[in-house]
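For reference, the structure discussed in these notes is given below.
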Amino acid sequence: MKKLKLSLVALASFFSVLQAQNNQKGTPPPVAEKDLTAYLFVYFTGNKVEEEAVRYAVSSDGYHYYHLNDNKPVLDSKIISSTGGVRDPHILRGDDGKTFYMVLTDMTSSKGWDSNRAMILLKSTDLVNWTSNVVNIQTTFPGNENLKRVWAPQTIYDAKAGKYLIYFSLQHAGGPDKIYYAYANKDFTALESAPKLLFVPKSERACIDGDIIEKDGVYHLFYKTEGGKAGIKVATTTDLTSGNWTENDNYLQQTNDGVEGSSVFKLNNSDDYILMYDVYTKGRYEFTKTKDLENFAVINNDISMDFNPRHGTILPITRSELKRLTAKWGTPEKFPKINNNPVLEGYYADPEILYSNKTKKYYIYPTSDGFDGWSGYYFKTFSSDNLTDWKDEGIIIDLKKDVTWANRNAWAPCIVEKKIKGKYKYFYYFTAAQKIGVASSDNPTGPFTDSGKALVSTRPEGIKGGQEIDPDVFTDPKTGKSYLYWGNGYMAVAELNDDMISLKGNTQVIKVDKTFREGTYIIYRKGTYYFLWSEDDTRSPNYKVRYGTSKSPLGPIEIPQNNIVIQGIPDQGIYATGHNSVLQIPNKDEWYITYHRFSYPTGIKMGDAGGFHREVCMDKLEFNADGSIKQVVPTHTGISALKK
C-alpha cells in the first residue's frame, strides 16, 4: 500500500471453497466448476480520492479483460467508508455458492499512508447490490492505541472452523507490518474477536499484501517482504491458524525490477494458475503461469486490459452472474458472444419442456443430476419467458418428504397441462425407485400432491427385462385422448383416464428396432406422429436420439433409413446428446429440442460418472419438406432469446 503502488491482491481460492462447501461426497456442489465460464475483476484505479473506489471488469478467458460502467465506480466510497475512499478490494464466493463477500481497505491516500484504522465488510447475493459495515480496529478492540494502519484485508473460508477468516496487515508504532486474522461474525458485519497474529516471517521483517490460496489440502500464503531485499515469497501450512508455516526462501518474481501486490487465481476448468504482480518501478504488470505454485513462466504477451487497475482480485463467475453484471452496467463492445448452452447451470438431465397457457411462460422439468449412481431424490423446475434466461423455481417434489411409496432414484419426469372445468391443472409423472408415479397441481411450479401410490410398478405382460422408467405424457390433438408412454428396454403405452392419475385398459407394447433403449417422446405435426427415443447407455459418449413416424399414437412405427435426430460432435467436446423433449412455440411451426449431454468440458473425463454429471441444452429442431426431421447439430452457442 505504498504510494505509487500498483497491486493486485490475490484471489482467495474459490476452488478450495468448492471442496469445503456444504456438499457431501457424491452429491452436486452448490456451483459446479464446469459452470464457471467467466471472471470478474474487482479493482480501484489510483491515489486520487475519486480513483479510490470499487470498479468492475469482466473476462471470458482469464486473459483479456474489459471494464464495465465506463470504468466508473460501481459503489459509492463516500457512502460505504469512514474516510471517503476505499482501496484493495477482495471478493470471495461463499461456501453456499450464492453469497458473495468483499472486504476493502477504508482509506484515502491523500491523508497519509499511516492514516487509516479501519476496513469495510460487504455482503451480496447478486454482485450488484451490497450491504456494508465499517470495522475500526483501533476503536473496537482495546490495546490498539498505537495502531498506525490497517491494510489490504482478504477473506477465506476456514472449513475446519466453519467460518470466514479475514486476514490483513497491521502496523503498530515502532514495529513492522505483520499479518493478523479474525473470524467474521455470522452476518459478516463485524469481527468476532480481537485480531490475532496469523503470520510473520522468520526474519521478523515487514510483510504485507497477504494472499492465500488452497491446493491439495495445503494453504499457500503469498506475501510481499519489505526491509532488506524486497519481493514476493510464499509460506505454506495445512492449518490456517496453527502458526506452523513452512517458508520458501526463494523470491518468486521473474524480474530483477521491484515488485509487490501479488495475486494468484486458478483458471476455470484448468489445472493452471496465474500469479501476477506489479512491477511498480516500471509501471507495468507481470503475469506468470504455473501448475504447481512453485515454478512460474512469464505470459505477459497473452494478457490485455482496457483499463489500468490497482490492487484488486479476480473471481470466477458463472454465465448467469455475468449476464446479471452486464444487464446492470452494459456489455463491453469487444466482449465475446456469450453461449446459451447449457441452458441450465448445474447438473441436470432428462429435460421435459412445457409452455404454460396459464402463465405464458416456459418450464423445464429435469432430473436432478450430480448424485453418485443416479441417487437423486428430488425434482426441481425452472421458468423462462425467452428460453435463454432460466429462473430456478426450487424443489417441487422431494421423495423423502412428499412421496410415501418411494424415496430414491428420482428420474426423468414429464408433465402435461390440462384444462378441466375451466381451470388449468398440471399432472406430473415421474420415476421413483424404478416405478412411475403421478402428482398434480394447480400451477406449473407447484405445490404438487402425489397420488399416494405408483401408477406403474410392473413390466408389461411378456416383457422380461428392462425397467419401468422414463414416462412421457402425450395428448392427441385429433382425439383429445391422453396417453402415458414409458420403458427402458421396451416401449409401453396406455391410455390415461380422464382423472389423469389412473390408466385405462391394457398396456400395449409398441415394436421398435434394436436401437431403442429409453426416453420415449411423442410429438404431432401435420398429421404425423413422431416417436423419438434414445439409443445406447446414458454413460456412453455415443448416446443419441433417433426417431420413427406413425399415423397413430399407438403405432405401428415406420423407421426411416436415416433417422438420427441428434448425436454428439467429439471434436467440439459434445458427447452423449440424448433423452430429449420437444417444444413447439404456440401457434407456430417453430420447434426446439431440449436434451442432455455430458457436462462440458468435464464429463468426458469422468468415465461412467459422466453418465450422472449431465447438463441440459437446447437447439432448434427443423423439418424437411417431406416431413422428415433434419438432423440437429448440437451447439455450445445454443438458441437466441425469443422476442417478447
Side-chain angles (χ1 to χ4, degrees), residues 1-12 44 52 83 85-90 92 102-109 111-121 134-138 140-141 143-156 164-184 191 193-213 219-228 230-235 237 240-241 243 245 247 259-264 277-278 280 310-313:
M1 286 261 320
K2 288 181 177 178
K3 194 173 181 180
L4 299 180
K5 172 181 174 185
L6 186 62
S7 172
L8 274 171
V9 174
L11 171 65
F44 76 109
E52 294 173 316
T83 62
V86 303
R87 303 169 68 90
D88 321 324
H90 176 268
L92 174 77
M102 185 155 52
V103 287
L104 313 168
T105 301
D106 187 345
M107 176 180 173
T108 56
S109 57
K111 296 178 181 178
W113 297 105
D114 293 337
S115 64
N116 81 305
R117 310 289 186 270
M119 68 180 78
I120 305 165
L121 278 54
V134 172
V135 177
N136 188 303
I137 300 296
Q138 188 172 67
T140 303
F141 301 106
N144 285 287
E145 292 75 17
N146 65 344
L147 180 64
K148 294 179 64 179
R149 58 195 184 205
V150 180
W151 280 0
Q154 294 203 170
T155 309
I156 188 168
Y164 293 96
L165 183 150
I166 302 175
Y167 56 101
F168 42 88
S169 63
L170 299 180
Q171 187 191 42
H172 294 83
D177 299 270
K178 301 177 182 179
I179 297 177
Y180 287 76
Y181 79 95
Y183 289 107
L191 303 182
S193 60
K196 299 177 182 178
L197 189 64
L198 181 74
F199 174 79
V200 62
K202 55 191 176 185
S203 68
E204 296 187 353
R205 290 175 175 169
C207 58
I208 61 171
D209 293 356
D211 172 62
I212 300 173
I213 190 166
Y219 296 96
H220 300 253
L221 169 63
F222 292 83
Y223 61 96
K224 162 71 181 301
T225 65
E226 293 197 319
I232 297 167
K233 289 189 172 184
V234 66
T237 186
L240 279 172
T241 60
W245 295 90
E247 295 182 43
V259 299
E260 59 187 10
S262 64
S263 173
V264 181
Y277 40 82
D278 171 25
Y280 65 94
R310 300 285 306 277
H311 204 148
T313 47

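Just so it is clear, the model here is predicted, and its values are computed rather than measured.
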Heavy-atom side-chain proximity of Leu104 to Met119 below 4.5 angstrom: no
Qualifying residues under ring pair (Phe, Tyr, Trp, His ring centres under 6.0 Å), relative to Phe199, sequence neighbours excluded: Tyr223, Trp245
Nearest-0.5 Å distance that lies between atom CD in Glu52 and atom CZ in Phe44: 6.5 Å
salt_bridge(Glu204, Lys202) N-O dist < 4.0 Å: no
By side-chain contact (heavy atoms from CB on, under 4.5 Å) - contacts of Pro195 (at least two apart): Ile137, Phe141, Phe168, Leu170, Tyr180
Closest non-hydrogen atom pair between Gly231 and Val259, with its separation: CA-CG2, 4.3 Å
Check: Ile208 and Glu226 side chains under 4.5 Å, non-hydrogen atoms: yes
Contact check, side chains of Lys196 and Tyr181, non-hydrogen atoms, under 4.5 Å: yes
Partner set under side-chain contact (heavy atoms from CB on, under 4.5 Å) for Arg149, not counting sequence neighbours: Asp114, Asn116, Trp151, Gln171, Asp177
Side chains of Leu198 and Ile212 in contact at under 4.5 Å (non-hydrogen atoms): yes
Main-chain N/O of Met107 paired to Thr105 side chain as donor or acceptor, under 3.5 Å: no
Test item: Glu247 side-chain N/O and Val234 main-chain N/O as donor-acceptor pair under 3.5 Å: no
Ser193 to Ala182 - nearest heavy-atom pair and separation: O-CB, 3.7 Å
Donor-acceptor contact below 3.5 Å, side chain Arg117 vs main chain Leu147: yes
Any side-chain heavy-atom pair of Leu165 and Thr241 under 4.5 Å: yes
Shortest non-hydrogen contact from Ile232 toward Ser262: CD1-CB, 3.6 Å
Main-chain N/O of Glu145 paired with Gln138 side-chain donor or acceptor, under 3.5 Å: yes
Residue pair Val86 / Ile120, side-chain heavy-atom distance below 4.5 Å: yes
Residues Leu240, Ile156; criterion side-chain contact (heavy atoms from CB on, under 4.5 Å); working and verdict: CA-CA 10 Å; Leu240 279 172; Ile156 188 168; 4.0 Å; yes
Partners passing side chain to side chain donor-acceptor pair (under 3.5 Å) against Tyr183 (at least two apart in sequence or in another chain): Asp158
Contacts of type side-chain contact (heavy atoms from CB on, under 4.5 Å), residue Val200, not counting sequence neighbours: Lys178, Leu197
Residue pair Cys207, Lys224: steps toward the side-chain contact (heavy atoms from CB on, under 4.5 Å) verdict: CA-CA 5 Å; Cys207 58; Lys224 162 71 181 301; over 6 Å; no
Exercise: identify the closest heavy-atom pair between Tyr164 and Thr155: CB-CG2, 3.9 Å
Closest heavy-atom pair and its distance - His90, Pro153: CB-O, 3.6 Å
Side chain to side chain donor-acceptor pair (under 3.5 Å) partners of Ser169, counting only residues at least two apart: none
Any donor-acceptor pair under 3.5 Å from Thr313 side chain to Pro89 backbone: yes
Distance (rounded to the nearest 0.5 Å) between Ile179 CD1 and Asp209 CG: 8.5 Å
With sequence neighbours excluded, residues passing side-chain contact (heavy atoms from CB on, under 4.5 Å) with Lys111: Thr83, Thr108, Ser115
